[in-house]
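To start, the structure itself, in structure tokens.
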Amino acid sequence: MIGGNHERNNFSIGVQIHDKNSNNWFSPIVLGTGPKPSQGYSAFVLEQGRILVIKKGSPRNESIWFLEVDSPYVREQKKLLRKEVVAWSKGVRGNAEKPIVISGPSGVGKGTLISMLMKEFPSMFGFSVSHTTRSPRSMERDGVHYHFADKKVMEKEIKDGKFLEFASVHGNLYGTSIESVEAVTDSGKRCILDIDVQGARSVRASSLDAIFIFVCPPSMKELEDRLRARGTETEEQIQKRLRNAEAEIKEGISSGIFGLILYNDNLEECYKKLKVNRLLLIAQNVVMF
Ligand SMILES: Nc1ncnc2c1ncn2[C@@H]1O[C@H](COP(=O)(O)OP(=O)(O)OP(=O)(O)O)[C@@H](O)[C@H]1O
Ligand SMILES: Nc1nc2c(ncn2[C@@H]2O[C@H](COP(=O)(O)O)[C@@H](O)[C@H]2O)c(=O)[nH]1
């Protein structure tokens, strides 16, 4: 049941589950941010374990919401949290631009390609600033490159449902907050997410309709050279990232998560392919370059 609650003079939208066997009602963990309390919502049960919530008479570009009850994302969260879980996700009617998820092993050039795209099309693309528990590099600024977070605080925020996805990557916690994605989409730009393969898998299982791109290095030797030349990691961290890279590349190429696989050999060539294949990306065909 989705309904209005009066709690300490605050009107809020609550969710309760009815267990037919015991005839009991209980409150699940509610992940994500639901619609703002107001009157005039309608709910429609959709296939794939989702309920569409829409406000009557809202303008075409106003947000609509999905309450995920039994989607792959919710099933995954139930397993992780060992509790009953439902999740709100935001949808947009009209010509909303799909977010772009870019993954690939550390050092392959994702950040470089994203910077080029944002520099050339500043009003078209916006970067989703992730949270991480790793320490900032000398050139990195809090709130610009990452939200540098305390592990306990971030874990609590994950439990509170503030993250679209999160993963332990190379020994640190990384995650995309719902707020970070909304900040970009609310500004009318297409959101770009630079996240690892585990994160991409979680986004794929969520109801965020995105385009998924995997960036591959021309060889492991070249990847190693790029990581070393960047000079941001210790030898131990480079070795860890290279070990993880092998599994990430295997999964990136074979998992079917990614609609486009780009080889970043020559940077300019790779960037051109990223730009000219926008139509192919949108069609979500698997293309190898
Ligand atoms: N095609 C290329 N040829 C040579 N060097 C490149 C190429 N693409 C990127 N680089 C260089 O490789 C290094 C790693 O690139 P970048 O930091 O963009 O990788 P990344 O995939 O974002 O890594 P991480 O996942 O660790 O953030 C940088 O020094 C960058 O200048
Ligand atoms: N699952 C997520 N992965 C993320 C996120 N933000 C970044 N990343 C990935 O982490 C590695 C390492 O990044 P680095 O900045 O320490 O070099 C890289 O592959 C990123 O794609 C996130 O929010 N979620």
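Values in this document were obtained by computation on a predicted structure and should not be read as measured data. In each ligand, atom 1 is the first atom listed, and ligand 1 is the first ligand listed. The first residue of the sequence shown is numbered 1, and numbering continues consecutively from there.
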Which of the numbered atoms in ligand 1 are below 4.0 angstrom from a heavy atom of Pro105? 21 (O)
Count the heavy atoms of every other residue, nucleotide or ligand shown that sit under 6.0 Å from CD of Glu155, and state whether that count exceeds 12. yes
Can you tell me which portion of Tyr146 lies within the under-4.0 Å heavy-atom range of ligand 2? Options are side chain, backbone, both, or neither. side chain
Does a side chain donor of either Asn24 or His18 reach within less than 3.5 Å of an acceptor in the other side chain? no
For ligand 2, which atoms have a heavy atom of Asp196 less than 4.0 angstrom away? 1 (N), 2 (C), 3 (N), 4 (C), 9 (C), 21 (O)
Could you work out, for atom 8 (N) of ligand 2, the closest of Leu227, Asp194, Asn244 by heavy-atom distance? Asp194
Decide whether an N or O pair under 3.5 Å exists between Glu140 and ligand 2. no
Would Ile114 count as a contact residue for ligand 1, given that I'm defining contact as a non-hydrogen atom of the residue lying under 4.0 Å from a ligand atom? no
With the threshold set at 4.0 Å, does a side-chain nitrogen-carboxylate oxygen contact exist between Arg201 and Glu251? yes
Pair Arg134 + Glu140: basic N to acidic O under 4.0 Å: yes
Hydrophobic side-chain clustering at under 4.5 Å (ILVMFWY, transitive links): who's grouped with Met139? Put none if nobody. none
Which residue owns the protein heavy atom closest to atom 24 (P) of ligand 1, what's the atom, and how far is it? Arg230 NH1, 3.5 Å
Nearest protein heavy-atom contact for atom 14 (C) of ligand 1: which residue, which atom, what distance? Gly107 O, 3.4 Å
If you measure from atom 12 (O) of ligand 1 to every heavy atom of Glu248, Met116, Arg226, Glu269, which option wins on shortest distance? Arg226
Verify whether one side chain among His147 and Asp142 offers a donor that lies under 3.5 Å from an acceptor in the other. no
Looking only at protein heavy atoms, identify the closest one to atom 19 (O) of ligand 1 and say how far it is in Å. Gly109 N, 3.1 Å
Judged by heavy atoms only, the candidate from Gly171, Ala245, Ser130 nearest atom 6 (N) of ligand 2 is Ser130
Numbered atoms and elements of ligand 1 in range of Leu267, under 4.0 angstrom, heavy atoms: 1 (N), 2 (C), 8 (N)
Please step through side chain to side chain donor-acceptor pair (under 3.5 Å) for the pair Ser115 and Thr112, ending with a clear verdict. CA-CA 5 Å; Ser115 301; Thr112 308; over 6 Å; no
Going by the angle between their ring planes, with limits at 30° and 60°, are Phe258 and Phe214 parallel, tilted or perpendicular? tilted
Among protein heavy atoms, which lies nearest atom 30 (C) of ligand 1, and at what distance? Thr112 OG1, 3.6 Å
Taking only heavy atoms of Lys110, which atoms of ligand 2 are found under 4.0 Å from at least one of them? 19 (O), 21 (O)
Using a 4.0 Å cutoff against the non-hydrogen atoms of Arg241, which atoms of ligand 1 qualify? 26 (O)
So for His145, does at least one of its heavy atoms come nearer than 4.0 angstrom to any atom of ligand 2? no
With heavy atoms under 4.0 Å as the rule, classify the contact between Glu248 and ligand 2 as side chain, backbone, both or neither. neither
Nearest protein heavy-atom contact for atom 26 (O) of ligand 1: which residue, which atom, what distance? Ser106 OG, 2.6 Å
Taking only Lys NZ, Arg NE, NH1 and NH2, and the carboxylate oxygens of Asp or Glu, determine whether Glu224 and Lys221 approach each other closer than 4.0 Å. no
Numbered in order shown, the ligand 1 atoms found under 4.0 Å of a heavy atom of Gly111 are 18 (O), 20 (P), 22 (O)
Is Arg134 touching ligand 2 with its side chain, its backbone, both, or neither, if touching means heavy atoms under 4.0 Å apart? side chain
Out of Asn264, Asp194, Asp265, indicate the one that has the non-hydrogen atom closest to atom 8 (N) of ligand 1. Asn264
To check your reading of the model: name the closest protein heavy atom to atom 25 (O) of ligand 1, its residue, and the distance in Å. Lys110 NZ, 2.6 Å
Between Arg230 and Arg137, is the side-chain contact (heavy atoms from CB on, under 4.5 Å) condition met? List the steps. CA-CA 11 Å; Arg230 190 169 72 181; Arg137 295 173 187 145; 3.3 Å; yes
Measuring from non-hydrogen atoms of Arg241 to any atom of ligand 2, is the shortest distance under 4.0 Å? yes
Ion pair check, Glu233 and Lys240, cut-off under 4.0 Å: no
Looking at Glu246 and Lys250, is there a salt bridge between them, counting it only when a charged N and a carboxylate O are closer than 4.0 Å? no
Please verify whether a non-hydrogen atom of Glu165 lies at under 4.0 Å from ligand 2. yes
Between Arg137 and ligand 1, is there a nitrogen or oxygen pair with a distance under 3.5 Å? no
Same cluster for Phe125 and Ile211 if Ile/Leu/Val/Met/Phe/Trp/Tyr side chains link at under 4.5 Å? yes
What residue among Asp209, Ile195, Thr176 forms side chain to side chain contact (heavy atoms under 4.5 Å, CB included) with Val203? Ile195
What are the atoms of ligand 2, with element, lying closer than 4.0 Å to any heavy atom of Gly199? 1 (N)
Transitive ILVMFWY side-chain link Ile158 to Val169, under 4.5 Å: no
Donor on one side chain, acceptor on other, Gln198 and Asp196, under 3.5 Å: yes
Min N/O separation Pro105 to ligand 2 under 3.5 Å: no
